[in-house]
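Shown next, in structure tokens, is the structure this report addresses.
To find a chain, count down the sequence lines: A is the first, B the second, and so on, and within it residues start at 1.
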Number of protein chains: 2
Amino acid sequence: MQLTRRAEYAIRTMLDIASNLDDQPLMSKEIAARQDIPLNFLIQIVPELRSAGLIHTVRGSGGGIYLTKKPSEISLRYIVEAIEGPIALNQCLIGDASCERQPRCPIHEVWALAQRQMLAVLEATTLAGLVDQSQSGKKAGKTSAAADVASKINNEVELEV
Amino acid sequence: MQLTRRAEYAIRTMLDIASNLDDQPLMSKEIAARQDIPLNFLIQIVPELRSAGLIHTVRGSGGGIYLTKKPSEISLRYIVEAIEGPIALNQCLIGDASCERQPRCPIHEVWALAQRQMLAVLEATTLAGLVDQSQSGKKAGKTSAAADVASKINNEVELEV
DNA sequence: CTAAACTTAAGTAAATTGGTAAACTTTATG
DNA sequence: CATAAAGTTTACCAATTTACTTAAGTTTAG
Ligand code: FES
Ligand code: FES
């Protein structure tokens, strides 16, 4: 029921690259240091992000990583699924698989709903939103990416703090 | 990111007991057979449900299992957490632990929101609701426990089917 | 040609998952 | 009180996943 370190690192990495304003590619080594990711582990994650089409890598001296899409087009869900595969709260919710026990088990719809609620948040959160927030930083003060997302989703969740 | 079999079996078990109208306790063996749970595995899960205070067990011949609370007071979240411990989508969301890297990492609030959305569904779903649905069965036709829950949560999610 | 950078492929220790198995305790009932 | 029916406890296990580490490549700027 928990995000793996791989996926967490992938998110940090993507966010790190999205925050980079220069147009020169970022090296794994820099990212690893800045984001507290074991370099040798990151080096294993980067190719996965690439085969998922999220980043473009340049080999050789002076090489590095840059995004293939605009940060506003990259959602948290997309990053997580690139690393972990489809997000599913229960086995029967993967793809089109349904409960093998009953045509419609009463619990199924509930899990499906819980999952949709969760995915809605992860989908509405883009790298652009996250970068905006951390850069506006002290200015707006209370505006969090989560608050933005919460208002996007039509649900009046009250955020404490 | 997925429910374990233990927890899934625990839910099935609780639902099986809640659906039982007689006042005599149910045996593990019956439940295992009816719910397609390996008996030897269920026998390991039952004591956990008991120490969590969800069920009462009677030993010896003629013994079995019954609920300690009313089905309307037992939520899916409660059952899952009895087996798996606190539900958390990321390590830093367990209990009061916060991100060790930054006082407030921009992603944290997003995960927290996603988690609240998910938990709201699991909390609003009680055994009573699930039993109602499967027993009314063909009568109401379209009423699902999920639809009930969706309307409880103030969020107009449209359920297909 | 060489150092800087990504790539590929193993390997690995520890934890989790999904079970199985066996020995034990409790209790109704004959 | 003997016994069978039930839950309890403890231990074990194989397979998978997780989070890394290591090492031997390959590519490219300079
Ligand atoms: S069909 Fe998915 S929970 Fe039963
Ligand atoms: S503090 Fe929880 S995601 Fe960073």
Looking only at heavy atoms, what is the nearest atom pair of [X] and [Y], with distance?
{"X": "B:Leu49", "Y": "B:Met14", "value": "CD1-SD, 4.1 Å"}
{"X": "B:Ser72", "Y": "B:Thr126", "value": "O-CG2, 3.4 Å"}
{"X": "B:Pro106", "Y": "A:Leu130", "value": "O-CD2, 3.5 Å"}
{"X": "B:Ala52", "Y": "B:Tyr78", "value": "O-OH, 3.8 Å"}
{"X": "B:Gly53", "Y": "B:Thr68", "value": "O-OG1, 2.7 Å"}

Distances for protein N/O vs nucleotides 13-17 of chain D N/O pairs under 3.5 angstrom?
none

- Which nucleotide of DNA chain C is the first, and which the last, in the 5' to 3' direction, to come under 4.0 Å of a heavy atom belonging to chain B?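 Going 5' to 3' along DNA chain C, contacts run C:dT17 to C:dA28.
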Figure out the [atom1]/[atom2] separation between [X] and [N], and round it to whole Å.
{"X": "B:Asn90", "N": "D:dA19", "atom1": "CG", "atom2": "C1'", "result": "15 Å"}
{"X": "A:Met27", "N": "D:dA29", "atom1": "CE", "atom2": "P", "result": "16 Å"}
{"X": "B:Leu39", "N": "D:dA5", "atom1": "CG", "atom2": "C1'", "result": "13 Å"}
{"X": "B:Leu42", "N": "D:dT8", "atom1": "CG", "atom2": "P", "result": "11 Å"}
{"X": "A:Arg5", "N": "D:dT21", "atom1": "CZ", "atom2": "P", "result": "15 Å"}
{"X": "B:Gln2", "N": "D:dT18", "atom1": "CD", "atom2": "P", "result": "10 Å"}
{"X": "A:Tyr9", "N": "D:dA19", "atom1": "OH", "atom2": "C1'", "result": "8 Å"}
{"X": "A:Ile43", "N": "D:dA19", "atom1": "CD1", "atom2": "C1'", "result": "15 Å"}

- Using heavy atoms to find the nearest nucleotide of DNA chain D for A:Gln44 and B:Gly64 separately, return the residue whose nucleotide is more 5′.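 Per heavy-atom nearest nucleotide, the more 5' residue is B:Gly64.
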- Stretch residues 48-63 of chain A: residues that reach within less than 4.0 Å of DNA chain C through a heavy atom: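 Output list: A:Arg50, A:Thr57, A:Val58, A:Arg59, A:Gly60, A:Ser61, A:Gly63.
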- pair A:Leu26-A:Arg34: side-chain heavy atoms closer than 4.5 Å: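 Yes, at least one pair of side-chain atoms sits under 4.5 Å.
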With [X], the side-chain contact (heavy atoms from CB on, under 4.5 Å) member among [options]:
{"X": "B:Thr125", "options": "B:Ile74, B:Leu76, B:Ile11", "value": "B:Leu76"}
{"X": "B:Tyr66", "options": "B:Thr57, B:Asn20, B:Val58, B:Asp23", "value": "B:Val58"}
{"X": "B:Ile31", "options": "B:Leu39, B:Leu15, B:Leu42", "value": "B:Leu42"}

- Note on the structure: For DNA chain D, the expected dot-bracket line (Watson-Crick or G-U under 3.5 Å, [ ] crossing, | inter-strand) is ||||||||||||||||||||||||||||||
- Message: My understanding is that only residues two or more places apart in sequence, or in another chain, count here; which of them pass salt bridge (charged side-chain N to carboxylate O under 4.0 Å, His left out) with A:Glu84?
- Response: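 Testing A:Glu84 for salt bridge (charged side-chain N to carboxylate O under 4.0 Å, His left out), a comparison that skips the adjacent residues, returns none.
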- Of all residues at least two apart in sequence or in a different chain, which pass the salt bridge (charged side-chain N to carboxylate O under 4.0 Å, His left out) check with A:Arg6?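 A:Arg6: salt bridge (charged side-chain N to carboxylate O under 4.0 Å, His left out) contacts with A:Glu48.
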- Give me the ring orientation class for A:Phe41 and A:Tyr9: parallel if the planes are under 30° apart, tilted from 30 to 60°, perpendicular past 60°.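 Correct class here is perpendicular.
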- Query: Taking atom CD1 of A:Ile37 and atom OG1 of A:Thr13, what is their separation to the nearest 0.5 Å?
  - Reply: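 So the CD1 of A:Ile37 and the OG1 of A:Thr13 are separated by 3.5 Å.
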- For A:Leu89, does its backbone N or O pair with a side-chain atom of A:Gln115 as donor and acceptor, under 3.5 Å?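 Looks like yes, one N/O pair under 3.5 Å.
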